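This one's a predicted model, so the numbers in the text were calculated from it and none came from an experiment. Proteins get letters first, then strands, A, B, ... in listed order; numbering begins at 1 in each.
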There are 2 protein chains.
Amino acid sequence: MPQGNEQGRSHTNATAVAPRRAGRVLRPSVKVLPEHARRHNRSLVLQQVYRTSGLSRADIARQTGLTRVTVSDLVSELVAEGLVTELGQREDARPGKPATLLEMNLDAFHLIGLDLSDKSVFRAAILDLSGRVRERAEAQLDGATGELAIGRLMDLVAELVGRASRPLLGIGVGSPGIVDRGGVVRSAPNLRWAEVPLQSILAERFRLPVTVSNDANAAVLAEHSFGQSADDIILVQIGAGVGAGLIIDGSPVLGSHSAAGEIGHVVVGTDGGPLCACGKEGCLEVWVSVPHLTAQLLDAPTEAARTEVLTQAGQRLGIALAPVVGVLNLTEIVLSGPTELVAGTFAEATLNTIRQRTIAGIHGDLALRMTALSRDIVLRGAAVLVLSGQLGVS
Amino acid sequence: MPQGNEQGRSHTNATAVAPRRAGRVLRPSVKVLPEHARRHNRSLVLQQVYRTSGLSRADIARQTGLTRVTVSDLVSELVAEGLVTELGQREDARPGKPATLLEMNLDAFHLIGLDLSDKSVFRAAILDLSGRVRERAEAQLDGATGELAIGRLMDLVAELVGRASRPLLGIGVGSPGIVDRGGVVRSAPNLRWAEVPLQSILAERFRLPVTVSNDANAAVLAEHSFGQSADDIILVQIGAGVGAGLIIDGSPVLGSHSAAGEIGHVVVGTDGGPLCACGKEGCLEVWVSVPHLTAQLLDAPTEAARTEVLTQAGQRLGIALAPVVGVLNLTEIVLSGPTELVAGTFAEATLNTIRQRTIAGIHGDLALRMTALSRDIVLRGAAVLVLSGQLGVS
DNA sequence: GCATGTTTGTTAGTAAACCTTACGAACAAA
DNA sequence: TTTGTTCGTAAGGTTTACTAACAAACATGC
């Protein structure tokens with residue numbers, strides 16, 4: 001009898017196979033059915049309308065390479081679902097039958113975004129399909145952790161679900177700590193969470209699609225979708241700790257143990273440094289985290305000393321990032337954090353340091369900038385998680 | 001009139017569109033036709049037979065999730081093309097009709113691999129579909145560069161094409177320098193190549209599919225396919241210079257300017273270092289490249305001094321890799337280079353240094369090893385380029 | 001004004017791809 | 001010998017996107 005395990009590998013099969021030729025971890029290797037192809041094309045069409053309002057069916061056909069017939073078919077499906085609406089006829093004078101312009105209905109669905117990155121408060125919001133925040137809610141943590149924190153989170157989501165004026169597309173969560181591909185928070189020390197299956201918990205409770213990701217990861221998704229950014233970027237979040245989110249070739253990088261971006265405890269430099277809580281000396285976190293910076297700035301008597309503090313910290317970040325920038329051939333670095341600390345002196349020092357330590361810098365096409373998004377960046381990143389997961393749009 | 005540019009954007013279209021919502025670089029966003037889906041499934045089936053010889057159609061159906069009917073259809077196509085052959089019936093006694101076992105015909109096609117990474121010689125080979133070298137050829141460069149080197153390369157390929165005993169699937173090339181996605185060698189200083197469209201040149205001359213990639217990139221592909229490696233790895237090649245190839249989530253990383261892996265001129269440490277040819281001080285290359293190492297070892301009077309040299313160099317590599325390992329959450333590092341230099345002391349120092357400087361090390365699941373492949377690694381990587389490009393197998 | 005040409009979106013029919021259902025062949029076990 | 005299992009194939013249906021053709025609605029030139 002087949003044992004009925006997930007691979008459906010009967011013992012018969014196992015006994016018969018010859019030794020593996022090129023052993024490798026199981027690929028995503030999934031079959032593709034016509035239905036999947038259609039979903040892909042549907043997303044493709046939707047993406048065009050999402051990015052550019054006021055396209056006609058014929059425009060979309062030209063842009064995607066699909067025929068007008070197919071596009072019409074897909075569009076009618078989207079119109080039936082309310083995701084796309086007709087905007088009227090094109091005004092400008094030109095030969096031919098006037099085109100019917102299309103528009104994404106940004107209020108067809110709303111979605112819920114959660115930002116759990118703050119130590120003292122869970123932030124939540126209802127967002128529309130453009131990623132704009134429509135309603136807000138917060139839950140003070142007051143030191144709550146573990147189950148208690150999960151309870152606060154549930155109440156918070158329940159409140160927003162109740163306030164929703166449109167059908168909800170799903171829930172997106174940006175959580176601190178390490179979050180695996182299945183939406184399990186493997187470890188989030190601040191919240192004292194370990195192996196918390198946040199995705200399942202939320203999905204079961206609210207019967208909605210749920211996507212959970214690391215907060216820095218969500219942030220970089222927001223930057224990628226809503227900022228004017230390239231397809232290869234790193235976003236460094238400077239807060240209580242230091243984290244990073246990476247997008248390579250348009251796809252988020254999660255890492256083999258879902259711990260990509262955990263840059264805070266990388267040792268920087270070869271000259272020691274302050275002792276870190278993790279036991280090592282000279283971790284990035286003790287150089288550039290907000291608590292460290294503010295403490296140092298308080299000790300700085302003069303403006304020159306303040307500048308020196310920020311310059312040094314910026315340089316440390318640059319030293320840590322240079323190998324990453326070099327190896328990945330990144331051309332865009334985004335910083336997120338308190339503007340008064342991170343923008344200006346600090347950022348310039350980081351950029352200059354990277355330039356001095358890599359070839360990329362020599363080529364001169366390296367850019368470093370502050371995020372264009374406000375502190376809603378994680379919320380909006382959470383929205384991207386839902387949008388790309390449910391609609392294939394971003 | 002439409003200007004007929006590649007996007008087929010008529011002026012009419014351009015004038016009509018509203019401002020972009022989420023401006024981003026053009027996605028791969030391509031339509032998917034039923035035909036593409038089939039090609040995908042065909043590769044999926046082939047991949048099973050490639051990895052595991054002696055599977056039946058029913059086995060493949062179970063593993064892929066496709067129905068036996070569909071698998072039969074795809075297999076019959078593969079059999080007709082000669083890629084797959086029937087091996088006879090399964091021997092072991094069990095209920096039911098005995099299965100017909102399948103096998104990949106590794107000699108259905110051969111392919112040509114080229115390794116241009118050596119300063120003094122172009123290496124080439126005919127390989128079978130398993131990536132085994134069947135024939136070899138070399139062309140001494142004798143200092144030839146530029147057009148002359150291209151000429152040598154053409155003659156070399158022509159020779160092998162002539163010696164081929166099977167239809168050729170394609171040509172794969174691992175070239176030094178920076179190679180873009182279109183197979184143009186943007187810059188290879190040793191060969192004095194700049195903007196050499198190697199892919200087009202070879203494709204036009206030999207009328208075969210050609211894939212060109214950076215040599216370190218090819219090497220990491222070989223390691224990924226033929227070594228027992230994870231889906232997130234970095235391979236560091238230590239030779240005249242230092243280069244790296246990266247695979248993240250199973251896909252090679254090329255970088256925004258196709259210069260990913262160019263780690264040789266990243267500055268290591270915060271304590272200066274020897275002056276590098278590139279003008280900076282303390283580049284990785286002046287710490288760990290083969291010429292540097294051998295020179296230092298010659299100066300070392302005692303065995304202890306030799307060990308010290310190798311330890312220091314290994315540490316430098318570790319310092320450079322630590323941030324990369326941390327940020328990407330890599331768990332596997334592969335070294336390629338002269339065993340007598342790189343294996344042992346050097347490699348241990350690198351691993352220990354990374355462990356001491358990252359969290360990944362603390363977790364203890366970080367592995368560093370020498371490549372299991374011989375110096376044919378680039379040749380075999382070139383084969384992977386062709387195999388994955390033409391058959392979707394690896 | 002009117003014929004001509006262009007563009008849009010739809011209808012009708014076709015080809016491809018995978019599915020479900022069903023069946024004969026070939027075997028083991030009772 | 002009967003029963004149940006497994007394999008591979010055949011037949012028929014559904015989905016999908018394509019090509020071909022067309023009516024509607026417009027600009028332009030005579």
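The shortest distance between the side-chain N/O atoms of B:N41 and the OP1/OP2 oxygens of C:dC18 is below 4.0 Å. OP1 or OP2 of C:dC19 lies within a sub-4.0 Å distance of a side-chain N or O belonging to B:T67. Taking only side-chain nitrogens and oxygens, B:K97 never comes nearer than 4.0 Å to OP1 or OP2 of D:dT9. Checking the phosphate oxygens (OP1, OP2) of C:dA17, no side-chain nitrogen or oxygen of B:T70 falls inside 4.0 Å. Listed pair B:T100 / D:dG8 meets the phosphate criterion, a side-chain N or O lying under 4.0 Å from OP1 or OP2. Listed pair B:R57 / D:dT9 meets the phosphate criterion, a side-chain N or O lying under 4.0 Å from OP1 or OP2.
Here A:R68 lies in heavy-atom contact (under 4.0 Å) with a base. Contacts of A:D73 with the nucleic acid, taken as non-hydrogen atoms under 4.0 Å apart, are absent.
The shortest side-chain heavy-atom distance between B:L391 and B:Y50 does not fall under the 4.5 Å cut-off. A:R205 is not listed as a side-chain neighbour of A:V161, based on a closest heavy-atom distance of 4.5 Å or more. Considering only heavy atoms from C-beta on, A:L102 comes within 4.5 Å of A:I60 through its side chain. Side-chain contact check for B:H40 versus A:H36: every heavy-atom pair is 4.5 Å or farther apart. Taking the side chain as every heavy atom from C-beta outward, A:V210 and A:L198 never approach each other to under 4.5 Å. Looking at heavy atoms from C-beta onward, A:I247 lies in side-chain contact with A:L221 at the 4.5 angstrom threshold.
Judged by closest nucleotide on DNA chain C, A:E86 is the one of A:V32 and A:E86 placed further toward the 5' end. Take the nearest nucleotide of DNA chain D for A:G65 and for A:G96: the residue whose nucleotide is more 5' is A:G65.
In this structure, B:L102 places its CG atom 12 Å from P of D:dC7, rounding to the nearest Å. Rounded to an integer number of Å, the gap from A:L55 CG to C:dG9 C1' is 16 Å. Rounded to a whole Å, the NE2 atom of A:H36 is 13 Å from the P atom of D:dA17. Straight-line distance from the CG atom of B:L74 to the P atom of D:dT9: 12 Å, rounded to whole Å.
In this structure, of C:dA28, C:dT20, D:dC7, it is C:dA28 that holds the atom nearest to the side chain of B:P95.
One N or O on the side chain of A:N105 and one on the backbone of A:G82 form a donor-acceptor pair closer than 3.5 Å.
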Pick out the pairs of N or O atoms, protein on one side and nucleotides 11-16 of chain C on the other, that lie under 3.5 Å.
none

